[in-house]
Amino acid sequence: MKTLENTLFKTISSHKNLKQNAAVSQLVENILSRNEGVLTETGAVRATTGTYTGRSPKDKFIVKDEICEDFIDWGPVNQAIDEESFNKLYEKVCMYLEKKEVLYQFKGFAGADPAYRLPIQVINEYAWHNLFSRQLFINPTDEELASHQAEFTVVSAPDFKADPAIDGTNSETFIIISFKKRVVLIGGTEYAGEIKKSIFSVMNYLLPRQNILSMHCSANVGPEGDVALFFGLSGTGKTTLSADPYRRLIGDDEHGWSPNGVFNIEGGCYAKCINLSEKKEPQIFNAIRFGSVLENVAIDEATRCLDYDNVSLTENTRAAYPLDNIDNIIEPSVAGHPNTIIFLTADASGTLPPVSKLTKEQAMYHFLSGYTSKLAGTERGVTEPQATFSACFGAPFLPLAPSTYAEMLGEKIDHHRSNVFLVNTGWTGGPYGIGTRMKLSHTRAMIHSALEGELNNVETTKDTIFGLEIPLHVPGVPDDVLVPKTTWEDKNAYTAAAQSLAMKFHENFAKFSQASNAIKQAGPIYKA
């Protein structure tokens, strides 16, 4: 069998119509002429992704070989596939791409800090996927492009369908990482988020091996240079809450924390669009213009007006745009060490407080737990919020054991004396279906107070079930919103729901048997 490197080189070098690092305008023209998408009133292009409107975690694999076998945290998240199956499937995909009328190649970087960045390339069969890659990753200068040598390659062929019986996959869809071959192979899904998240998974393997903490978080910096991190799964508010008109954005989703400080892994933003409005989220709303890519957002076919409230295709509607579509960003996307760390959770039970300050041990407990409610549309089959625990607020993208990232975070919190808060952007006054979603204006006020240091020494009350210190007064927020039990009409129902959630915390944390007793005891107080 020919080497994979030769196969890919042949596919690229011999292709009769290969478009390399095409300009945004050229890609938009290709998208429209090839009927891959339509132009909307904002100037952004809108594409739909068919059956797959979210990630396919059950179709994600890592090739098990001598390079990574002893390091990967194998299991349901990091499923193993053998080298032979990967090699054969790779050959098939390359042969398939050779026959395409047009092929697109993007060369760029992951990692804004030149000391730690990864040169990457993305090979696409869709123009809109190539535009997506251009907007989400870091574009090279002309000089950098001339000398660019990719150290990791994404090969994406959405229209190629695997045969599970022959190819060793679970379905027609596959997202496979080979750390030995330094290739990500994607097929059977048009959802562009798989491209971005696959490189994030790669960085989550490579960076910790350089003693750099890779993080699923957004980040911004204040007027005085104070840095804030926002951890949370999709739909918890990372992008929305880090887009602050009074603070400069570092990035909205993926970062590294090195001995020098924080740096963005990406060069763009991938924002949820559901219920987007200029009044509530002006920075995101105004960033969606020419060159941006909209995924599965409903439009009026006659006027090409966008309907951000329409969920007919999915609730997981998305916009991809470059960082410089936002006015107040920091360039390059690097900053100092975090003063404040926010853990975001969308609690569908309605029992967690909207804001609470965490001790070091509580921070480690909640980071390892990574509790939230998986929101509709972010994964296939999820139609309403489901309680889930995702270690480090990003388990689907972590090739290494969660303790690796948690221990690094704990060391950095200690060293830099970062303040940590848990913020619930989920439900209040009752669970999903009965209560209401936390008001964005209230959440912004709580986070503003946390970032300004106003919550460090305020009067608090200790939650008797979760053990969290809840501020009794936050500027701009009604006092009766702050303590969850007071927002429920049925107090007994609240207690039962809180106890049920506490039990889930304990059941989940049982897998972290190596955690210290101090961390274990920092969790909820569950009474059987």
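This is a predicted model, so every value here is computed, not measured.
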Review point. Quick check: does any side chain N or O of Asn339 sit under 3.5 Å from a backbone N or O of Val227, one acting as donor and the other as acceptor?
Key: yes
Practice item. Begin from the C-alpha positions of Arg46 and Thr48 and carry the test side-chain contact (heavy atoms from CB on, under 4.5 Å) through to its verdict. Key: CA-CA 7 Å; Arg46 192 290 303 263; Thr48 55; 3.7 Å; yes
Review point. Is the Tyr246-His448 ring centre distance short of 6.0 angstrom?
Key: no
Practice item. Please round to the nearest 0.5 Å and tell me the distance separating atom CZ of Phe137 and atom CD1 of Ile265. Key: 10.5 Å
Point to revise | Ala320: partners by side chain to side chain contact (heavy atoms under 4.5 Å, CB included), with sequence neighbours left out | key: Phe132, Leu136, Tyr270, Val293
Exercise for review: Start with the C-alpha gap between Glu125 and Lys100, add the side-chain angles, then the distance that decides, and say whether salt bridge (charged side-chain N to carboxylate O under 4.0 Å, His left out) holds.
Suggested key: CA-CA 7 Å; Glu125 63 172 310; Lys100 302 303 293 183; 3.4 Å; yes
Check your understanding: How many angstroms lie between OG in Ser156 and CD in Glu190, if you round to the nearest 0.5 Å?
Key -> 9.5 Å
Point to revise | Main-chain N/O of Gly237 paired with Thr240 side-chain donor or acceptor, under 3.5 Å | key: no
**Study point:** By side-chain hydrogen bond (donor to acceptor under 3.5 Å, both in side chains) - contacts of Thr460 (at least two apart)
**Key:** Glu469
Review point. Does anything in residues 194-204 pair up under side chain to side chain donor-acceptor pair (under 3.5 Å), and if so which pairs, sequence neighbours excluded?
Key: Lys60-Ser201, Lys196-Asp253, Lys196-Glu254, Lys196-Glu266, Lys197-His216, Lys197-Asp253, Asn204-Ser214
Practice item. Give the intermediate values and the outcome of side-chain contact (heavy atoms from CB on, under 4.5 Å) for residues Thr340 and Phe230. Key: CA-CA 9 Å; Thr340 307; Phe230 300 80; over 6 Å; no
Review point. So, the side chain of Glu36 versus the backbone of Ala127: is there a donor-acceptor pair under 3.5 Å, distance only?
Key: yes
Check your understanding: With Leu145, which residues qualify under side chain to side chain contact (heavy atoms under 4.5 Å, CB included), at least two apart?
Key -> Asn21, Lys107, Pro140
Point to revise | Asn124 backbone acceptor or donor facing Gln105 side chain under 3.5 Å | key: no
Check your understanding: Between the side chain of Arg417 and the main-chain N/O of Asp414, is any donor-acceptor distance below 3.5 Å?
Key -> no
**Study point:** His129: partners by ring-ring contact (aromatic ring centres under 6.0 Å, His included), with sequence neighbours left out
**Key:** Tyr126
Practice item. Could you tell me the separation between the CG atom of Asp327 and the CZ atom of Arg248, rounded to the nearest 0.5 Å? Key: 13.0 Å
Exercise for review: Start with the C-alpha distance between Asn424 and Thr345, add both sets of side-chain angles, then the distance that settles side-chain hydrogen bond (donor to acceptor under 3.5 Å, both in side chains), and finish with yes or no.
Suggested key: CA-CA 5 Å; Asn424 175 22; Thr345 179; 5.2 Å; no
Point to revise | Close side-chain approach of Ile342 to Leu344, heavy-atom, < 4.5 Å | key: yes
**Study point:** Non-neighbouring partners of Phe231 that pass ring-ring contact (aromatic ring centres under 6.0 Å, His included), sequence neighbours left out
**Key:** Phe343, Phe367
Exercise for review: Go through Gln283 and Asn328 one step at a time and tell me if the side-chain hydrogen bond (donor to acceptor under 3.5 Å, both in side chains) criterion holds.
Suggested key: CA-CA 9 Å; Gln283 286 188 312; Asn328 57 331; 2.2 Å; yes
Point to revise | Candidate pair Asn296 and Tyr191, rule side-chain hydrogen bond (donor to acceptor under 3.5 Å, both in side chains), full reasoning | key: CA-CA 10 Å; Asn296 299 314; Tyr191 182 63; over 6 Å; no
**Study point:** Check: Ile120 main-chain N/O paired with His148 side-chain donor or acceptor under 3.5 Å
**Key:** yes
Check your understanding: Taking Asn316 for the side chain and Thr53 for the main chain, is one N or O donor matched with an acceptor at less than 3.5 Å?
Key -> yes
Review point. Should we count NZ of Lys19 as having more than 12 external heavy atoms under 6.0 Å?
Key: yes
Point to revise | side chain to side chain donor-acceptor pair (under 3.5 Å) partner of Tyr52, chosen from Thr189, Asp59, Thr314, Thr173 | key: Thr173
Point to revise | Donor-acceptor pair, side chain of Thr317 and main chain of Ile274, under 3.5 angstrom | key: yes
Review point. With Phe263, which residues qualify under ring-ring contact (aromatic ring centres under 6.0 Å, His included), at least two apart?
Key: Tyr116
Exercise for review: Return yes when atom CG of Asn17 has more than 12 non-hydrogen atoms of other residues, nucleotides or ligands closer than 6.0 Å, and no otherwise.
Suggested key: yes
Review point. Does the Arg318 side chain pair with the main chain of Val297, one donor and one acceptor, at a distance under 3.5 Å?
Key: no
**Study point:** Within residues 218-232 or reaching into it, pairs that qualify as side chain to side chain donor-acceptor pair (under 3.5 Å) - sequence neighbours excluded
**Key:** Ser218-Ser242, Asn220-Arg247, Asp226-Arg247
Point to revise | Minimum side-chain heavy-atom gap Leu118-Leu206 below 4.5 Å | key: yes
Point to revise | Trace of the side-chain contact (heavy atoms from CB on, under 4.5 Å) decision for Phe106 with Gln121 | key: CA-CA 5 Å; Phe106 167 78; Gln121 65 175 338; over 6 Å; no
Point to revise | Partners passing side-chain hydrogen bond (donor to acceptor under 3.5 Å, both in side chains) against Thr40 (at least two apart in sequence or in another chain) | key: Thr42
Practice item. Taking side chain to side chain contact (heavy atoms under 4.5 Å, CB included) as the test, write out the residues that go with Lys357, two or more places apart. Key: Asn419, Phe421, Asn456
Review point. Hey, what do you get for CD1 (Ile288) to CG (Leu276), rounding to the nearest 0.5 Å?
Key: 5.0 Å
Revision key, fill the gap. Output for pair (Lys272 NZ, Asp252 CG), nearest 0.5 Å, gives 13.0 Å
Review point. Is any NZ, NE, NH1 or NH2 atom of the basic residue among Arg117 and Glu144 found under 4.0 Å from an Asp or Glu carboxylate oxygen of the other?
Key: yes
Point to revise | Derivation of the side-chain hydrogen bond (donor to acceptor under 3.5 Å, both in side chains) call for Ser349 and Thr351 | key: CA-CA 6 Å; Ser349 79; Thr351 60; 2.8 Å; yes
Side-chain donor-acceptor pairs of residues 24-31 under 3.5 Å, sequence neighbours excluded:
unit_1 : atom_1 : unit_2 : atom_2 : d
Asn30  : OD1    : Tyr104 : OH     : 2.6
Asn30  : ND2    : Gln26  : O      : 3.0

Check your understanding: Hey, does Val45 have a side-chain heavy atom less than 4.5 Å from the side chain of Leu131?
Key -> yes
Practice item. Find the distance between CG (Leu185) and CD1 (Ile175) and round it off to the nearest 0.5 Å. Key: 10.0 Å
Check your understanding: Side chain of Asn264, backbone of Ile250: donor and acceptor closer than 3.5 Å?
Key -> yes
Exercise for review: Kindly determine whether Asn325 and Leu323 satisfy side-chain contact (heavy atoms from CB on, under 4.5 Å), including the steps that lead there.
Suggested key: CA-CA 5 Å; Asn325 274 21; Leu323 274 169; over 6 Å; no
Point to revise | Those residues that, when tested against Tyr371, pass side-chain hydrogen bond (donor to acceptor under 3.5 Å, both in side chains) (two or more places apart) | key: Asp347
